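See structure below.
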Amino acid sequence: MNILVTGGAGYIGSHVVKQLLEETDHDVIILDNLSTGHQKTLDTLEEIALHSKRGDLRFYRADLANFGEIEKIFLTNRFDALLHFAASIVVPESVENPLKYYMNNTVNTTNLIRLCNEYGVGKMIFSSTAAVYGEPSEIPVKESTEKKPINPYGMSKLMSETVIQDTAAANSAFKYVILRYFNVAGADIANRIGQSFPNATHLIKVAAQTATAARSEMSIFGTDYDTPDGTCIRDYIHVDDLASAHIRALDYLTAGNESTIFNVGYGHGFSVTEVIATMKEVSGIDFTVNYAPKRAGDPALLISDNSKIKNLLGWQPRYDDLKIICQTALAWEKHI
Ligand SMILES: NC(=O)c1ccc[n+]([C@@H]2O[C@H](COP(=O)([O-])OP(=O)(O)OC[C@H]3O[C@@H](n4cnc5c(N)ncnc54)[C@H](O)[C@@H]3O)[C@@H](O)[C@H]2O)c1
């Protein structure tokens, strides 16, 4: 198949492209404006494609906001499936600049869906987020748990989900899988690609940056949450396990199954203190950690119920080990 991957030069998209190139025979067409994605990542993916000698890889540098340019790409190609990763993803920025998020995430996704419908692209896999649940009303969080985003980022994704679902309800030839990711971390086991965005706010990335002295210190935001050690607990998932969920989801749609939504996480979590202790252990560096006030909108606990994806897709994580997640994140940080 011809698979269009928006945001394929970014962190998660590149890990999925790597697996498509190494484990399937699909041709991959990346569409990215390189706003947070990297040419170096594309070069590495090109090497992986050459080495694996399976599907081809092509790249369009284009901005999803430019509808005319994107439509030309649909006119000159035939896509069988869309994997849509491209988005703006920084929660505090979404509070300061909500329109950036509604435009880049919701409006651009809507335009892409319109093109899928007009040009007969019948399969879509969408990168959604646990942020659609806001401060969840139950733990572990099920797909059916109430959706109540508490920031524009989460709302922009929930609105995109609604557009996808309503479109599919009206067009039986358009099928989707929505994947709601929990906390994605780590890097390619072979250390060829990883998270390269220097201003990332993700805890494990920040801890790896502090362990390698790219940052002089890091903060723990809040120590009086209702958790055993008082710090927030999150469900960290290795990016290669998340990537394999996309391959499974694509197979599921290709087999003619019905549209659906899955949580993607490990179903258990670690506290901020445990993550920092593990990063210190694997790096051997006792880096400086400060204590800072709680941030608005950080729920104490966020853990997925992943039984649906395990049962329906047969998805089995391979790297469900905080040490491996921290080791691979650290190895990548040293590399860059
Ligand atoms: N990283 C996480 O922990 C996490 C958690 C939940 C959901 N997600 C979702 O996963 C997806 C990928 O996130 P990521 O961490 O890889 O982010 P990323 O910033 O590394 O990747 C996003 C990619 O999209 C590209 N892009 C952004 N806007 C674009 C536009 N208008 N036109 C063309 N290209 C554009 C960027 O250049 C980049 O390559 C996003 O949709 C995000 O909401 C991420």
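Counting starts at 1 for both ligands and their atoms, following the listed order. Predicted model, so just to flag it, every value in this text is computed and none were measured. If you read the sequence from its start, that first residue is 1, and numbering goes on from there.
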Mind checking who shares a hydrophobic cluster with I89, ILVMFWY linked at side-chain heavy-atom distances under 4.5 Å?
V90, V91, Y101, Y153, F197
Salt bridge check, E22 against R54: does any charged N sit closer than 4.0 Å to a carboxylate O?
no
Would you mind checking if R180 and E161 are paired as a salt bridge, meaning a charged N to carboxylate O distance below 4.0 Å?
yes
Sorted by chain and number, the residues that approach ligand 1 to under 4.0 Å with a heavy atom:
G7, A9, G10, Y11, I12, D32, N33, L34, S35, T36, G37, A62, D63, L64, F85, A86, A87, I89, N104, N108, S127, S128, T129, Y153, K157, Y181, F182, V184, H202
Taking the side chain as everything from C-beta on, heavy atoms only, tell me whether I325 gets closer than 4.5 Å to I204.
yes
Parallel, tilted or perpendicular for Y266 and H268, by the 30°/60° rule?
parallel
Is it true that D240 and K18 make a salt bridge, defined as a side-chain N closer than 4.0 Å to a carboxylate O?
yes
